[in-house]
Structures are given as C-alpha cells and as structure tokens.
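Below is one structure, written out as structure tokens; comments come after it.
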Amino acid sequence: FNIEGSHPIAVLVADKVMRAMGGRDKWDASSVFHWNFFGKRSLLWDKSENMVRVDIPEDSLVSVLNMNDGTGTVWKSGIQVLDEKEKEKIMERTERIWINDSYWLFMPFKLKDSGVTLTYQKEDTTLTGERSDVLKLTFDQVGVTPQNAYEVWVSIEDNLVKQWAYYKNATDSNPAFVLPWGDYKDYNGLKLASDRGERDITDIRVFEKVPDAAFTNPASILLE
C-alpha cells in the first residue's frame with residue numbers, strides 16, 4: 001500500500017470501511033468463500049490455501065488453480081484436460097476470472113492492498129442521495145489492468161461502500177460505469193454486498209472449511 005502517496009483522510013476512511021465490514025482480524029481469519037457471478041459462473045475460493053475453483057456451466061468447464069504456484073486441474077464435460085497448452089490457457093483464464101470476480105465482491109477489504117494509492121476526492125451523494133466521502137483508487141503495476149481506476153462512495157452514516165465508478169484508464173474524464181453497492185448481509189461476521197444494479201452476485205457463502213473433494217472432483221460438491 002502506498003501510504004506515502006495516499007491522502008491521510010482517504011486512509012482514515014478506508015480504515016473505517018474495514019471496521020464496518022467486520023474488521024481486519026475477521027477478514028484475515030475467514031477461510032473459504034463461495035459466490036455466483038451474475039449467473040455466469042460460480043467460484044469457490046480457499047483464501048487460506050490460495051486455491052480457487054471456477055465452474056462455468058455454459059462451457060461445461062471446471063478449473064481449479066493453485067495461485068501460489070500456477071498449477072491446477074481442468075475438466076471439460078467431466079473429462080480431465082491433459083493437453084498442456086490448452087490447460088495453460090484455461091489456467092490463465094481462471095486467474096483473470098478470479099481477479100475480476102473477487103474484486104466485484106471483496107473490493108472494500110482491498111482498499112489498502114499492495115500497489116494501491118488512495119486519494120480523497122470530495123464529499124458527494126450517491127445516485128440514491130446518500131451522503132458519502134468519495135475515494136479514488138489508482139494502481140502501481142499490480143493486477144492485470146494497472147491502468148484502471150475506481151471511485152468509491154463511502155456512506156458517512158455507516159462507513160460502508162454504497163457506490164463505485166470504474167475508469168478504464170485513470171486519466172479518463174468520465175467513468176465507464178457507475179453502479180450501486182448494496183444489499184449488505186452478515187456472513188459469519190463479515191458484511192458483504194450483493195446488489196450491483198441490474199445484476200446481482202448470488203449464492204454468497206462463507207465456510208471455515210470445505211471437503212477436499214471440492215478442489216479435486218469436477219462434480220458439484222454440496223457445501224453445507
């Protein structure tokens with residue numbers, strides 16, 4: 001995190017967000033997350049082991065990636081993919097999916113990630129009229145699209161992110177989209193939001209542990 005280049009007020013607001021979402025300790029201790037991204041695909045992320053499983057029903061594709069070393073397993077229609085070039089391509093796609101889809105769910109916990117610079121923009125209201133502090137996030141050579149930028153509206157009332165704007169390039173004058181960040185619910189002590197306007201993130205679940213088969217078996221694993 002670029003603490004030297006970040007505005008002190010922006011850092012203070014980011015810390016308030018973390019506390020409102022459940023706190024750093026609770027976030028660090030949370031192990032496994034499941035969610036469905038806009039009805040397109042589902043993800044199972046073991047944060048403690050840095051493993052992710054992506055199920056894409058439309059492609060009859062299941063991929064499991066160890067993000068520590070880039071290894072993994074891919075199945076198409078239940079049959080393991082052994083061709084190394086095809087597998088490598090799918091592993092790269094899996095990583096890009098995880099980077100994108102996890103940010104749409106966990107961004108408020110990542111306001112002070114490595115490479116992020118936070119600036120305080122202004123006090124403003126969201127599209128629904130909620131008074132908010134607006135922060136801007138820019139990135140220094142991190143992720144697959146470091147040229148992106150985001151603005152986030154943090155509610156002055158409850159310190160939760162209520163809206164965000166995405167800029168394809170940090171120098172752009174106008175955002176590519178502005179969307180709500182709403183419908184917060186408590187998941188084992190963490191607050192996560194599912195509403196993104198016209199589309200929702202669904203089937204959000206948080207686990208302490210899941211069966212090993214969740215990352216070794218292409219069949220759907222019932223997670224209780």
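Counting begins at 1 with the first residue of the sequence.
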Task: Spacing of Ile3 atom CD1 and Thr117 atom OG1 [to the nearest 0.5 Å] - done: 10.0 Å
Task: With sequence neighbours excluded, residues passing side chain to side chain donor-acceptor pair (under 3.5 Å) with Thr202 - done: none
Task: Carboxylate-amine/guanidinium proximity below 4.0 Å for Arg41 and Asp101 - done: yes
- [ ] Enter the distance from Ile97:CD1 to Phe37:CZ here, rounded to the nearest 0.5 Å.
- [x] 9.5 Å
Open item on the list: The test is side chain to side chain contact (heavy atoms under 4.5 Å, CB included); show your working for Phe109 and Met18 and say whether it passes.
Closed with: CA-CA 6 Å; Phe109 292 104; Met18 178 64 79; 3.6 Å; yes
Open item on the list: Please verify the inter-ring angle class for Trp104 with Trp164; under 30° counts as parallel, over 60° as perpendicular, anything in between as tilted.
Closed with: perpendicular
TODO: Output the distance between atom CZ (Arg93) and atom CD1 (Ile56), rounded to the nearest 0.5 Å.
DONE: 4.0 Å
- [ ] Report the residue from Trp98, Phe207, Phe215 that forms a ring-ring contact (aromatic ring centres under 6.0 Å, His included) with Trp45.
- [x] Trp98
Open item on the list: Quick one, Glu58 and Lys40 - any side-chain contact, counting heavy atoms below 4.5 Å?
Closed with: no
- [ ] Compute both the distance and the angle, then confirm whether Lys47 meets the cation-pi test with Phe106: under 6.0 Å from the six-membered ring centre, within 45 degrees of the axis.
- [x] no
Open item on the list: Using side-chain heavy atoms (C-beta onward) and a distance below 4.5 Å, is Trp35 in contact with Ser102?
Closed with: yes
Open item on the list: Looking at every non-hydrogen atom in both residues, tell me the closest pair between Leu111 and Val116 and how far apart they are.
Closed with: O-CG1, 3.3 Å
- [ ] Of all the heavy-atom pairs spanning Leu105 and Trp181, show the shortest one and how long it is.
- [x] O-CZ2, 3.9 Å
Task: Sequence neighbours excluded - salt bridge (charged side-chain N to carboxylate O under 4.0 Å, His left out) pairs with any residue from residues 73-85 - done: Lys76-Glu86
TODO: Ignoring hydrogens and angles, tell me if any N or O in the side chain of His34 forms a donor-acceptor pair with the backbone of Ser42 under 3.5 Å.
DONE: no
Open item on the list: Can you list, by chain and residue number, the hydrophobic cluster partners of Val178 when the side-chain cut-off is 4.5 Å?
Closed with: Leu127
Open item on the list: Do Asn2 and Asp140 make a side-chain contact, defined as non-hydrogen atoms from C-beta onward lying under 4.5 Å apart?
Closed with: no
Task: Minimum heavy-atom distance between Gln121 and Leu135, given as atom pair plus value - done: CG-C, 4.1 Å
TODO: Return each pair, listed once, that meets salt bridge (charged side-chain N to carboxylate O under 4.0 Å, His left out) where at least one residue sits in residues 190-200; pairs must be two or more places apart or across chains.
DONE: none
Open item on the list: Keeping Asp172 on the side-chain end and Pro175 on the backbone end, is there a donor-acceptor pair under 3.5 Å?
Closed with: no
Task: Spacing of CD1 belonging to Ile156 relative to OG1 belonging to Thr125, to within rounding of 0.5 Å - done: 10.0 Å
TODO: Drop me the distance from Asp203's CG to Ser194's OG, to the nearest 0.5 angstrom.
DONE: 11.5 Å
Open item on the list: Any heavy-atom pair between the side chains of Tyr187 and Ser30 that's under 4.5 Å?
Closed with: no
TODO: Would you please name every residue forming a side chain to side chain donor-acceptor pair (under 3.5 Å) with Ser48, sequence neighbours left out?
DONE: Asp46
Task: Summary of salt bridge (charged side-chain N to carboxylate O under 4.0 Å, His left out) pairs that have at least one residue in residues 149-161, sequence neighbours excluded - done: Asp158-Lys162
TODO: Could you grab the distance from atom CG of Leu192 to atom CZ of Phe33, nearest 0.5 Å is fine?
DONE: 6.5 Å
Task: Test item: Leu44 and Val32 side chains (from C-beta on) under 4.5 Å apart, heavy atoms - done: yes
TODO: Might you point out which heavy atoms bring Gly182 and Ala193 nearest each other, and give the distance in Å?
DONE: O-CB, 3.2 Å
Task: Distance-minimising heavy-atom pair for Ala149 and Thr138 - done: CB-CG2, 4.1 Å
Open item on the list: Please determine whether side chain to side chain contact (heavy atoms under 4.5 Å, CB included) holds for the pair Met21 and Leu190, giving the CA-CA distance in whole Å, both sets of side-chain angles, and the decisive distance to 0.1 Å.
Closed with: CA-CA 6 Å; Met21 299 281 288; Leu190 292 178; 5.8 Å; no
For residues 63-75, which side-chain donor-acceptor pairs fall under 3.5 Å, sequence neighbours excluded?
{"unit_1": "Ser63", "atom_1": "OG", "unit_2": "Thr94", "atom_2": "OG1", "d": "2.7"}
{"unit_1": "Asn66", "atom_1": "OD1", "unit_2": "Asn68", "atom_2": "N", "d": "2.8"}
{"unit_1": "Asn68", "atom_1": "OD1", "unit_2": "Asn50", "atom_2": "ND2", "d": "3.0"}
{"unit_1": "Asn68", "atom_1": "ND2", "unit_2": "Glu49", "atom_2": "O", "d": "3.3"}
{"unit_1": "Asp69", "atom_1": "OD1", "unit_2": "Thr71", "atom_2": "N", "d": "3.0"}
{"unit_1": "Asp69", "atom_1": "OD1", "unit_2": "Thr71", "atom_2": "OG1", "d": "2.6"}
{"unit_1": "Asp69", "atom_1": "OD2", "unit_2": "Thr71", "atom_2": "OG1", "d": "3.4"}

Task: Test side chain to side chain contact (heavy atoms under 4.5 Å, CB included) applied to Tyr167 and Leu137, step by step - done: CA-CA 10 Å; Tyr167 295 81; Leu137 290 76; over 6 Å; no
Open item on the list: Suppose we screen for side chain to side chain contact (heavy atoms under 4.5 Å, CB included). Which residues come up paired with Ser60, at least two apart in sequence or across chains?
Closed with: Ser77
TODO: Could you walk me through whether Met91 and Glu95 pass side chain to side chain contact (heavy atoms under 4.5 Å, CB included), step by step?
DONE: CA-CA 6 Å; Met91 289 289 93; Glu95 183 176 27; over 6 Å; no
Task: Shared-cluster residues of Trp153, by chain and number - hydrophobic side chains joined below 4.5 Å - done: Val134
Open item on the list: Between Arg53 and Pro218 (side chain of the first, backbone of the second, donor and acceptor by atom type, cut-off under 3.5 Å), is there such a pair?
Closed with: yes
- [ ] Kindly write out the residues that satisfy ring pair (Phe, Tyr, Trp, His ring centres under 6.0 Å) with Phe1, not counting sequence neighbours, or none if the list is empty.
- [x] none
Task: Polar side-chain atom of Asn148 near backbone of Lys168 as donor-acceptor pair, under 3.5 Å - done: yes
Task: Sequence neighbours excluded - salt bridge (charged side-chain N to carboxylate O under 4.0 Å, His left out) pairs with any residue from residues 23-32 - done: Arg24-Asp28
Task: All side chain to side chain contact (heavy atoms under 4.5 Å, CB included) counterparts of Lys16, not counting sequence neighbours - done: Leu12, Arg19, Asn159
Open item on the list: Please find the pair of heavy atoms, one from Lys136 and one from Ala170, that lie closest to each other, and give the distance.
Closed with: NZ-O, 3.4 Å
